[in-house]
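Here the structure is a predicted model, which means the values were calculated and not measured. Counting from 1, the numbers follow the sequence of the chain as shown.
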Amino acid sequence: QVQLVESGGGSVRPGGSLRLSCVASGFTTSNFAMSWVRQAPGKGHEWVSGIYKGGYDTAYADSVKGRFTISVDNAKNTLFLQMNDLKHDDTAVYYCGACSGYVCYDPRPSKYDHFGQGTLVTVSS
């Protein structure tokens, strides 16, 4: 069964950190480009970060550049997102997705071959 399961979300104060994980099953992460996408309350999906197929390069939205770090452990079929210096605007449900292209920048879930159910991150003082 193909599945992506996110975890690691929670409530944190501004300036805090969280590390999200996304465990893939039913397929091999090294054969896909992987991305994190988020959806803030009442807003559309926003692409956050991506890692190229094979894990050789990464990309970030301007809004998170310098604060978030994406990585993948292909041996464990797990994608990570280290989030530092969190801000109120980072409050959202965070999803991981896998696409068969070289890299995926699209925020729309329908453009991914596999998409998770999400984990909620709340940044509040």
Side-chain angles (χ1 to χ4, degrees):
Q1 180 184 1
V2 173
Q3 202 172 9
L4 285 170
V5 179
E6 302 92 338
S7 63
S11 185
V12 64
R13 294 185 183 276
S17 298
L18 284 173
R19 189 190 195 209
L20 305 184
S21 299
C22 170
V23 179
S25 56
F27 69 98
T28 303
T29 53
S30 60
N31 293 335
F32 288 81
M34 304 289 293
S35 285
W36 288 97
V37 171
R38 68 186 180 185
Q39 185 174 28
K43 297 187 178 180
H45 290 88
E46 175 191 16
W47 176 84
V48 173
S49 180
I51 193 161
Y52 284 54
K53 185 183 294 187
Y56 299 114
D57 204 354
T58 58
Y60 299 91
D62 287 344
S63 58
V64 307
K65 198 172 293 183
R67 299 188 297 121
F68 290 11
T69 303
I70 189 172
S71 61
V72 65
D73 184 338
N74 287 319
K76 295 183 178 180
N77 244 23
T78 302
L79 179 73
F80 301 99
L81 185 68
Q82 177 66 44
M83 305 187 296
N84 298 330
D85 190 22
L86 282 160
K87 305 178 186 303
H88 289 291
D89 287 349
D90 294 320
T91 295
V93 177
Y94 285 73
Y95 303 89
C96 63
C99 72
S100 54
Y102 187 56
V103 62
C104 33
Y105 290 111
D106 208 300
R108 295 169 291 180
S110 62
K111 296 300 182 181
Y112 290 82
D113 294 82
H114 312 300
F115 205 75
Q117 294 301 305
T119 185
L120 176 63
V121 171
T122 302
V123 183
S124 174
S125 51

Q: Determine whether Gln39 and Pro109 make a side-chain contact, defined as any pair of heavy atoms from C-beta on separated by less than 4.5 Å.
A: no
(Q) So Trp36 and Ile51, do their side chains get closer than 4.5 Å, heavy atoms only? (A) no
(Q) I need the Leu120 CG to Thr91 OG1 distance, nearest 0.5 Å. (A) 8.0 Å
Q: Could you tell me whether Asp89 atom CG has more than 12 heavy atoms of other residues or ligands within 6.0 Å of it?
A: no
Q. What residue among Val72, Asp73, Leu20, Ile70 forms side-chain contact (heavy atoms from CB on, under 4.5 Å) with Phe80?
A. Asp73
(Q) Could you check, using the six-membered ring where one of them is a Trp, whether Phe115 and Tyr95 have ring centers closer than 6.0 angstrom? (A) yes
Q: Evaluate the ring planes of Tyr52 and Tyr102, with Trp represented by its six-membered ring, and classify them as parallel (under 30°), tilted (30 to 60°) or perpendicular (over 60°).
A: perpendicular
Q: Might you point out which heavy atoms bring Ser125 and Arg13 nearest each other, and give the distance in Å?
A: O-NH1, 3.1 Å
Q. Is a side-chain donor or acceptor of Ser124 paired with a backbone partner of Thr122 at a separation under 3.5 angstrom?
A. no
Q) Counting only heavy atoms not in Gln3, do more than 12 sit closer than 6.0 Å to its CD atom? A) yes
(Q) Keeping Glu6 on the side-chain end and Gly118 on the backbone end, is there a donor-acceptor pair under 3.5 Å? (A) yes
Q.
Looking at Asn77 and Thr29, would you say the former's side chain and the latter's main chain have a donor-acceptor pair under 3.5 Å?
A. yes
Q. Would a hydrophobic clustering, with Ile, Leu, Val, Met, Phe, Trp and Tyr connected at side-chain separations under 4.5 Å, put Phe27 with Val5?
A. no
(Q) Counting C-beta onward and ignoring hydrogens, is there a side-chain heavy-atom pair between Val123 and Met83 closer than 4.5 Å? (A) no
Q.
If hydrophobic clusters are built by linking Ile, Leu, Val, Met, Phe, Trp and Tyr wherever their side-chain heavy atoms come under 4.5 Å apart, do Phe32 and Val2 end up in the same one?
A. yes
Q) Going only through I, L, V, M, F, W and Y residues with side-chain contacts under 4.5 Å, is there a path from Tyr112 to Val93? A) yes
Q) What's the spacing between Ser100 OG and His114 NE2 if we round to 0.5 Å? A) 8.5 Å
Q | Atom pair NZ/OG of Lys111 and Ser35 - distance to nearest 0.5 Å | A | 14.5 Å
Q: Quick one: pull up CZ in Phe68 and OG in Ser17 and give me the separation to the nearest 0.5 Å.
A: 9.5 Å
Q: List the atom of Leu4, the atom of Ala24, and the distance in Å for their closest heavy-atom pair.
A: CD2-CB, 3.6 Å
**Q.** Cluster check Tyr94, Met34: I/L/V/M/F/W/Y, side chain < 4.5 angstrom
**A.** yes
Q) Can you name the nearest heavy-atom pair linking Cys104 to Ala33, along with the distance? A) SG-O, 3.6 Å
(Q) For Trp47 together with Tyr105, are the ring centres under 6.0 Å from each other? (A) yes
Q) Which heavy atom in Lys53 sits nearest to a heavy atom in Ser30, and how many Å separate them? A) CG-O, 3.7 Å
(Q) Tell me every residue that passes side-chain hydrogen bond (donor to acceptor under 3.5 Å, both in side chains) with Arg67, counting only those two or more places apart in sequence or in another chain. (A) Asp90
Q. Who are the salt bridge (charged side-chain N to carboxylate O under 4.0 Å, His left out) partners of Asp106, not counting sequence neighbours?
A. Arg108
Q) Nearest 0.5 Å, what's the CD-OG distance between Gln82 and Ser71? A) 8.5 Å
Q. Side-chain contact, heavy-atom cut-off 4.5 Å: His88 with Pro14?
A. yes
Q.
Using every non-hydrogen atom in the two residues, find where Leu81 and Ser49 come nearest and quote the distance to one decimal.
A. CD1-CB, 4.3 Å
